[in-house]
Asks: 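Take a look at this one; I'll ask things after.
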Number of protein chains: 2
Amino acid sequence: MYERIRNIREDRDMTQSQMAEYLRIHQTTYSDYEIGKLNIPVQVLDKIADLFETSIDYLVNRTDVEIPYPLKK
Amino acid sequence: MYERIRNIREDRDMTQSQMAEYLRIHQTTYSDYEIGKLNIPVQVLDKIADLFETSIDYLVNRTDVEIPYPLKK
DNA sequence: ATATTTTAAGGGAATATCCCTTAAAAGTCA
DNA sequence: TGACTTTTAAGGGATATTCCCTTAAAATAT
């Protein structure tokens with residue numbers, strides 16, 4: 001389901017535990033997100049997009065453009 | 001919270017009931033989303049972005065660029 | 001091979017979701 | 001202005017989902 005998030009994470013050499021720590025959630029919860037067992041809250045997508053300097057649209061596979069629009073603030 | 005979604009909806013002269021019908025949810029649920037009483041699932045944001053031809057990033061206030069990213073498919 | 005690291009399954013208490021009814025607010029027009 | 005209509009939001013509850021825990025499985029390293 002969220003294949004793209006998994007791919008970016010692996011590209012950047014991060015483990016699920018590191019992601020979980022960054023997001024302040026449990027590793028198993030993060031795993032549930034990647035697998036698609038749980039819906040990823042938009043707040044989480046927001047932080048992942050920040051971390052990987054991309055857009056939520058890219059993360060959820062709405063676009064293939066990886067570079068984000070200019071961010072606010 | 002989701003001021004921007006409300007604004008676009010009003011710009012396009014749509015009522016909450018019309019949005020709810022499009023999204024196949026109840027009007028009160030849609031209201032809860034706009035108010036920020038409930039988290040908007042990404043699937044819903046996806047459909048709203050489609051309807052208004054913009055990006056999820058714009059809807060959730062990550063960017064001020066209103067045009068959508070090049071879409072997939 | 002086995003020890004270590006990383007990821008995923010099972011399960012349950014706590015929480016959030018979604019919708020219902022209905023109330024409040026906003027808009028219409030005589 | 002007041003009655004009427006339309007639109008939006010509050011209260012509340014059954015149900016579904018979330019999040020984390022423990023632990024197992026899978027992958028990786030030594």
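Chain naming here is simple, since letters A, B, ... match the order of the sequence lines and numbering starts at 1 in each. Keep in mind that the numbers below use all heavy atoms, side chains included, and drop hydrogens, waters and symmetry copies.
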Asks: Between B:Y69 and A:Y69, does the ring centre distance come in under 6.0 Å?
Replies: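 Centroid distance B:Y69-A:Y69: below 6.0 Å, so yes.
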Asks: Which pairs with one or both residues in residues 16-38 of chain B pass salt bridge (charged side-chain N to carboxylate O under 4.0 Å, His left out), sequence neighbours excluded?
Replies: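 Sorted pair list: B:R6-B:E34, B:R9-B:E34, B:D32-B:K37.
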Asks: Quickly work out the B:H26 NE2 to D:dA10 P distance and round it to whole Å.
Replies: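 Taking atom P of D:dA10 as the reference, NE2 of B:H26 is at 15 Å.
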Asks: Quick test of your reading of the model: are B:D64 and B:R4 salt-bridged, counting only N-O distances below 4.0 Å?
Replies: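 So B:D64 pairs with B:R4 through a salt bridge.
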Asks: How long is the line joining CD of A:Q27 and C1' of D:dA25, in whole Å?
Replies: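 Atom CD in A:Q27 sits about 12 Å away from atom C1' in D:dA25.
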Asks: The side chain of A:T29 lies closest to which of these nucleotides: D:dC21, D:dC19, C:dT21?
Replies: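 Looking only at side-chain atoms, A:T29 lies closest to D:dC19.
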Asks: Can you pull out the residues from residues 31-41 of chain A that lie within a 4.0 Å heavy-atom distance of DNA chain D?
Replies: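 Listed by number, they are A:D32, A:Y33, A:L38, A:N39.
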Asks: Is a donor on one side and an acceptor on the other found under 3.5 Å between the side chain of A:Y30 and the backbone of A:T15?
Replies: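 Checked: no pair found.
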Asks: Can you tell me whether the side chain of B:T28 and the base of C:dC20 have a donor-acceptor pair closer than 3.5 Å?
Replies: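 When only heavy-atom distances are counted, B:T28 does reach the base of C:dC20 through a donor-acceptor pair under 3.5 Å.
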Asks: Rounded to the Å, how far apart are B:R24 CZ and C:dC19 P?
Replies: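 After rounding, the reported distance stands at 12 Å.
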Asks: Under 3.5 Å, side chain of A:D57 to main-chain N/O of A:T63, donor-acceptor pair present?
Replies: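 It does not hold such a pair.
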Asks: Heavy atom of residues 5-19 of chain A under 4.0 Å from DNA chain C: which residues?
Replies: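 When residues 5-19 of chain A is checked for heavy atoms under 4.0 Å from DNA chain C, the hits, listed by number, are A:R6, A:R9, A:T15, A:Q16.
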Asks: Would you check if the side chain of B:T54 reaches a backbone N or O of B:A49 as a donor-acceptor pair within less than 3.5 Å?
Replies: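 No; judged by distance alone, with no hydrogens or angles, the pair does not exist.
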Asks: Donor-acceptor pair, B:Y33 side chain versus B:P41 backbone, under 3.5 Å?
Replies: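 Checked: no pair found.
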Asks: Is there a side-chain contact between A:R62 and A:I56 (heavy atoms, below 4.5 Å)?
Replies: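 No, every pair of side-chain atoms sits at 4.5 Å or beyond.
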